[in-house]
Amino acid sequence: MVRITEDLVRKRAEHNELQISSLEEVSLHQQDIERLEHLDKWCRELKILYLQSNLIPKIENVSRLKKLEYLNLALNNVEKVENLEGCESLRKLDLTVNFVGELTSVESLCNNYHFRELYLTGNPCSDFEHYREYVIGTLPQLQWLDGIQIEKSERIQAVQNLPFIRGRILEQQAAHLKKRAREKAEAAAKQNGKAKETDGVEGDENEESNKENKPGFDGRWYTDINERDKKDVKKEEKSHEEKVDEFWNEKTAYTPESRLEVHNHLQELKTKEEKKDDVEQKAPRKLFADDGRPYNINEPKLDFSLTEDDQNVLLDLAIFKHLDTSSLECDVQPTYVRLKVRGKIFQLELPVEVNGDDSSAKRSQTTGHLLVSMPKVKQIIRPKTHNSNSKVNKASDQKGKNDSNFLEVDASARKAVDVTSIVADNEEKKMKAAAPFGSQMSRRDLPERENSADFVDDPDVPPLL
């Protein structure tokens with residue numbers, strides 16, 4: 001029997017930092033809960049309570065939830081609307097596909113002034129004649145019934161016909177209650193028969209265990225042990241299959257008892273399968289070859305890509321987008337990388353040796369992919385590459401530095417007269433004029449002539465140029 005525990009409620013209160021005293025919404029659906037309890041003491045601030053797809057037979061222990069606005073009990077075993085008078089803020093009640101046959105029990109909601117929506121689809125009472133008119137006439141504050149809005153004219157007519165409709169509802173309700181009493185008795189008798197049958201099987205097993213040991217053992221000769229064992233196993237398997245088929249092919253009324261029986265049957269099958277798996281444990285998967293080389297394994301069947309550059313080996317693994325990161329384990333070794341995804345192994349041999357200590361794993365927040373970056377042990381260092389234009393410019397710059405460090409100016413761009421060579425040009429012109437034709441010797445290269453005898457050096461006379 002599954003009960004509502006404090007640990008179960010705290011696990012469902014992750015959005016409230018595991019605090020249950022201030023919890024306003026909790027979802028306990030599909031937990032096989034068989035009793036509604038404790039929530040009115042632990043979670044006084046509850047406004048929304050989801051309990052669909054459980055095995056709850058009775059509405060109880062919710063009267064202290066004064067702030068409860070929405071209660072979902074769809075797909076349970078509820079047979080009566082009760083114990084909701086204390087839920088002062090209740091606005092919506094969902095009892096879809098239950099076993100409510102006592103339709104007059106909805107009258108207990110008359111004093112819930114904020115009550116607006118009720119769902120009774122799939123209950124035996126929804127098949128009653130004048131079912132909708134009775135509910136509308138009984139609950140004047142109701143605005144929606146089974147997802148259909150209540151019209152004003154429909155409400156007036158239901159209130160007017162309520163005294164006549166009520167008698168017909170009571171008759172159908174009484175017939176349903178008699179039928180339910182008969183179904184309960186049949187279910188109890190069937191349960192007792194199964195209990196006796198189980199006791200008989202246990203007795204036969206005890207008798208067989210108390211047999212005297214005869215030749216061979218159990219009265220069989222050694223020569224026919226294997227064949228008879230095989231026949232017994234086949235009979236047991238066949239009988240089990242036949243029992244399963246008989247259970248599912250048996251025609252039964254849809255009642256809380258039959259629903260509970262189906263649930264118990266499925267639990268038994270699940271338990272047997274778990275025991276079978278425990279007995280037949282698979283041999284541990286071999287991760288390495290005999291020579292120590294790691295195998296490539298992809299148990300979770302995930303898409304991946306393995307790339308490398310000069311410095312790193314990159315593994316991009318397509319992890320499921322909504323998988324919790326706590327379900328992942330990553331281990332990087334020099335020659336391989338291994339991950340566990342929900343216990344399933346993903347292992348890949350690496351093309352080069354990597355440094356596991358400096359490796360990193362990052363997960364994308366948009367796609368969920370896992371990127372494992374693994375630095376190589378022997379990294380390749382390459383010079384930086386440049387385009388052709390940059391190479392030419394760099395070569396020309398280097399050449400200019402070697403030739404001259406002066407700033408070059410285009411002669412045609414000069415605006416002033418170049419006076420730096422005026423003196424030199426004049427001297428060259430005079431020398432050329434004084435030199436005889438055909439002589440290429442300059443004035444400075446001519447030998448000095450001796451002075452004449454009558455030469456008088458007068459200092460007032462300037463020298464000839």
Side-chain angles (χ1 to χ4, degrees), residues 2 7-8 10-12 14-15 18 27-32 53 233 237 240-241 244 263 265-382:
V2 180
D7 292 337
L8 178 61
R10 288 193 187 279
K11 287 180 181 179
R12 296 288 178 164
E14 295 179 353
H15 59 283
L18 303 182
S27 179
L28 297 172
H29 63 283
Q30 296 179 345
Q31 297 294 319
D32 298 332
S53 298
V233 170
E237 291 178 353
H240 176 69
E241 292 177 358
V244 172
H263 173 265
H265 178 72
L266 294 175
Q267 289 296 323
E268 289 177 5
L269 293 178
K270 185 177 180 181
T271 304
K272 288 181 180 179
E273 290 295 330
E274 291 176 354
K275 289 181 179 178
K276 187 177 180 181
D277 293 339
D278 293 339
V279 173
E280 299 177 358
Q281 290 183 353
K282 294 183 179 179
R285 176 178 283 277
K286 200 173 181 181
L287 301 178
F288 300 93
D290 296 335
D291 58 356
R293 180 177 57 84
Y295 287 132
N296 292 331
I297 303 170
N298 190 358
E299 287 184 348
K301 298 180 180 180
L302 299 173
D303 294 333
F304 68 94
S305 64
L306 185 67
T307 57
E308 60 176 308
D309 53 23
D310 295 339
Q311 297 181 353
N312 300 303
V313 178
L314 303 174
L315 172 63
D316 187 357
L317 191 62
I319 300 294
F320 310 114
K321 182 176 181 180
H322 300 290
L323 178 65
D324 192 353
T325 307
S326 61
S327 302
L328 300 176
E329 297 180 15
C330 183
D331 181 22
V332 179
Q333 297 297 330
T335 58
Y336 67 91
V337 57
R338 182 190 303 158
L339 291 97
K340 283 188 178 180
V341 183
R342 286 183 176 174
K344 295 183 178 181
I345 297 175
F346 176 91
Q347 181 172 288
L348 198 62
E349 184 181 8
L350 300 176
V352 295
E353 188 175 355
V354 300
N355 190 346
D357 295 336
D358 295 336
S359 300
S360 63
K362 296 181 180 179
R363 194 170 179 196
S364 173
Q365 295 182 352
T366 55
T367 62
H369 285 212
L370 182 70
L371 180 64
V372 183
S373 179
M374 298 165 281
K376 293 181 179 179
V377 173
K378 298 179 180 179
Q379 299 181 355
I380 302 174
I381 301 175
R382 299 182 186 274

- Query: Can you tell if the side chain of R293 reaches within under 4.5 Å of the side chain of E349, non-hydrogen atoms only?
  - Reply: yes

- With the side chain counted from C-beta on, respond yes when V341 and L328 share a heavy-atom pair under 4.5 Å apart, and no when they do not. yes

- Query: Just one of N296, L370, I297, N298 clears the side chain to side chain contact (heavy atoms under 4.5 Å, CB included) bar with F346, so which one?
  - Reply: N298

- Closest non-hydrogen contact found for S27 with R12 is O-CD, 3.1 Å

- Message: Within this structure, what is the CG-CD distance for the pair L8 and Q31, rounded to the nearest 0.5 Å?
- Response: 5.0 Å

- Item | SG on C330 to NZ on K340, rounded to 0.5 Å | 12.5 Å

- Message: Rounded to the nearest 0.5 Å, what separates atom NZ in K11 from atom CG in L18?
- Response: 11.0 Å

- State, yes or no, whether a side-chain contact exists between K378 and V352 at a heavy-atom distance under 4.5 Å. no

- Task: Indicate the atoms forming the closest heavy-atom contact of Y336 with P294, along with that distance.
- Result: CB-CG, 3.8 Å

- Item | Minimum side-chain heavy-atom gap S359-S373 below 4.5 Å | no

- Message: Can you tell me if D291 has over 12 outside heavy atoms packed within less than 6.0 Å of its CG?
- Response: yes

- Give a yes or no on this: more than 12 heavy atoms of other residues, nucleotides or ligands lie within 6.0 Å of atom CG of D309. yes

- Measure the CZ-CG distance between F304 and D316 for me, rounded to the nearest 0.5 Å. 11.0 Å

- Separation between CD1 (I319) and CZ (R342), nearest 0.5 Å, reads 10.5 Å

- Nearest heavy-atom pair of T366 and K321: which atoms, and what distance? O-CE, 3.0 Å

- If you draw a 6.0 Å radius around NZ in K376, do more than 12 non-hydrogen atoms from other residues or ligands fall strictly inside? yes

- Query: When rounded to the nearest 0.5 angstrom, what is the spacing between CD1 in I345 and CD in E299?
  - Reply: 5.0 Å

- On a heavy-atom basis, the closest approach of V2 and D32 is CB-O, 3.1 Å

- Keeping the roles fixed (side chain from Q347, backbone from Y295), state whether a donor-acceptor pair exists under 3.5 Å. yes

- Compare every heavy atom of G368 with every heavy atom of R363, then report the nearest pair and how far apart it is. NE-O, 2.9 Å

- Note on the structure: Taken in chain and number order and not counting sequence neighbours, the residues that satisfy salt bridge (charged side-chain N to carboxylate O under 4.0 Å, His left out) with K270 are none

